[in-house]
Amino acid sequence: MEIVAALGGAVVGALVSVLVAHAFSSRSQRAQALAAVRSELQINLEIGNRVLESNRSGGSPDWYEFIPFSDKAWRAFVGQGMLGRVGTTTAELLTRAYAMTESANFQARKIEMGTFKRRDAEAYTDRVEEAKAEVMAAFAALDNAHNQSLHGTSGLSARRP
């Protein structure tokens, strides 16, 4: 009977250890995925600033800057099922930001594949400006959620700034 109790205790202890390790690993993966998305949003803000500065500066009417927004971290984040692990508002802000960056990227691809038309370049620049605003909102939400999680309050849900 003592052997069964000892064996049962060992099995329960091993299961608890595995569950704790999995939970810890899961938290670590989520933190890493969010850090990657946050970094990508920062890069996208820099891209947006560069494009807008170049295209709105009144330089050459025949030259426009076309830089695609990055979405690799976002695709990995969604592919790993992490979107369901953030608050609804944060998920909505992230989804909207990446939808707008994809819209700008699509406009740039259209221009790249066709003949350059100034109105298309101006439409692209407008889309970049809209995307940049959404990226800023998502970035602020992630910062807010990160700060809340550091201070022990509920994390990863945020209001639209």
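In what follows, residues are counted from 1 in the order of the sequence shown. FYI, side chains are in, hydrogens and waters are out, and symmetry mates aren't considered; it's all heavy atoms of this structure.
Both Leu41 and Val78 sit in one connected hydrophobic cluster of ILVMFWY residues. Membership requires side-chain heavy atoms under 4.5 Å apart, directly or through other members. Residue Leu52 is grouped with residue Ile43 when hydrophobic side chains (ILVMFWY) are merged at heavy-atom distances under 4.5 angstrom, including chains of intermediate members. Two different hydrophobic clusters hold Met100 and Val128 under the rule that ILVMFWY side chains link at heavy-atom gaps under 4.5 Å.
Between Thr95 and Trp74, the closest side-chain pair of non-hydrogen atoms falls below 4.5 Å. The shortest distance between side-chain heavy atoms of Leu34 and Phe77 falls below 4.5 Å.
Residues passing the salt bridge (Lys or Arg N to Asp or Glu O under 4.0 Å) test with Asp126, sequence neighbours excluded: Arg56. Partners of Phe69 according to the ring-ring contact (aromatic ring centres under 6.0 Å, His included) rule, which considers only residues two or more places apart in sequence or in another chain, do not exist here.
With rounding to the nearest 0.5 angstrom, the CD atom of Glu112 is 12.5 Å from the CD atom of Gln107. In this structure, the separation between CG on Asp120 and OG1 on Thr125 is 10.5 Å, given to the nearest 0.5 Å. For the atom pair CZ (Arg30) and CZ (Arg85), the distance works out to 7.5 Å, reported to the nearest 0.5 Å.
Between the side chain of Ser39 and the main chain of Ala35, a donor-acceptor pair closer than 3.5 Å is present. At distances below 3.5 Å, at least one donor-acceptor pair connects side-chain atoms of Asn55 with backbone N or O atoms of Glu65. Within the 3.5 Å criterion, the main-chain N or O of Tyr98 finds a donor-acceptor partner in the side chain of Thr101. With hydrogens and angles ignored, the 3.5 Å screen pairs a side-chain donor or acceptor of Glu40 with a backbone N or O of Lys72. Checked by atom type and distance alone, the side chain of Asn44 never pairs as donor or acceptor with a backbone atom of Lys132 at under 3.5 Å.
Taking both residues in full, the closest heavy atoms of Ala33 and Gln80 are given as CB-OE1, 4.1 Å, listed atom of the first, atom of the second, then distance. The minimum heavy-atom distance between Ala141 and Leu93, with the atom names listed, is CB-CD1, 3.5 Å.
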Checklist entry - Going through the distances and angles, do Leu94 and Leu142 end up as a side chain to side chain contact (heavy atoms under 4.5 Å, CB included)? => result CA-CA 9 Å; Leu94 287 169; Leu142 279 183; 4.0 Å; yes
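Using a 4.0 Å cut-off between charged side-chain N and carboxylate O, Arg96 and Glu130 make no salt bridge.
Enclosure of atom CZ in Arg109 by more than 12 non-hydrogen atoms of other residues, nucleotides or ligands within 6.0 angstrom is indicated.
Ring pair Phe66/Tyr124 is tilted by interplanar angle, where 30° to 60° counts as tilted.
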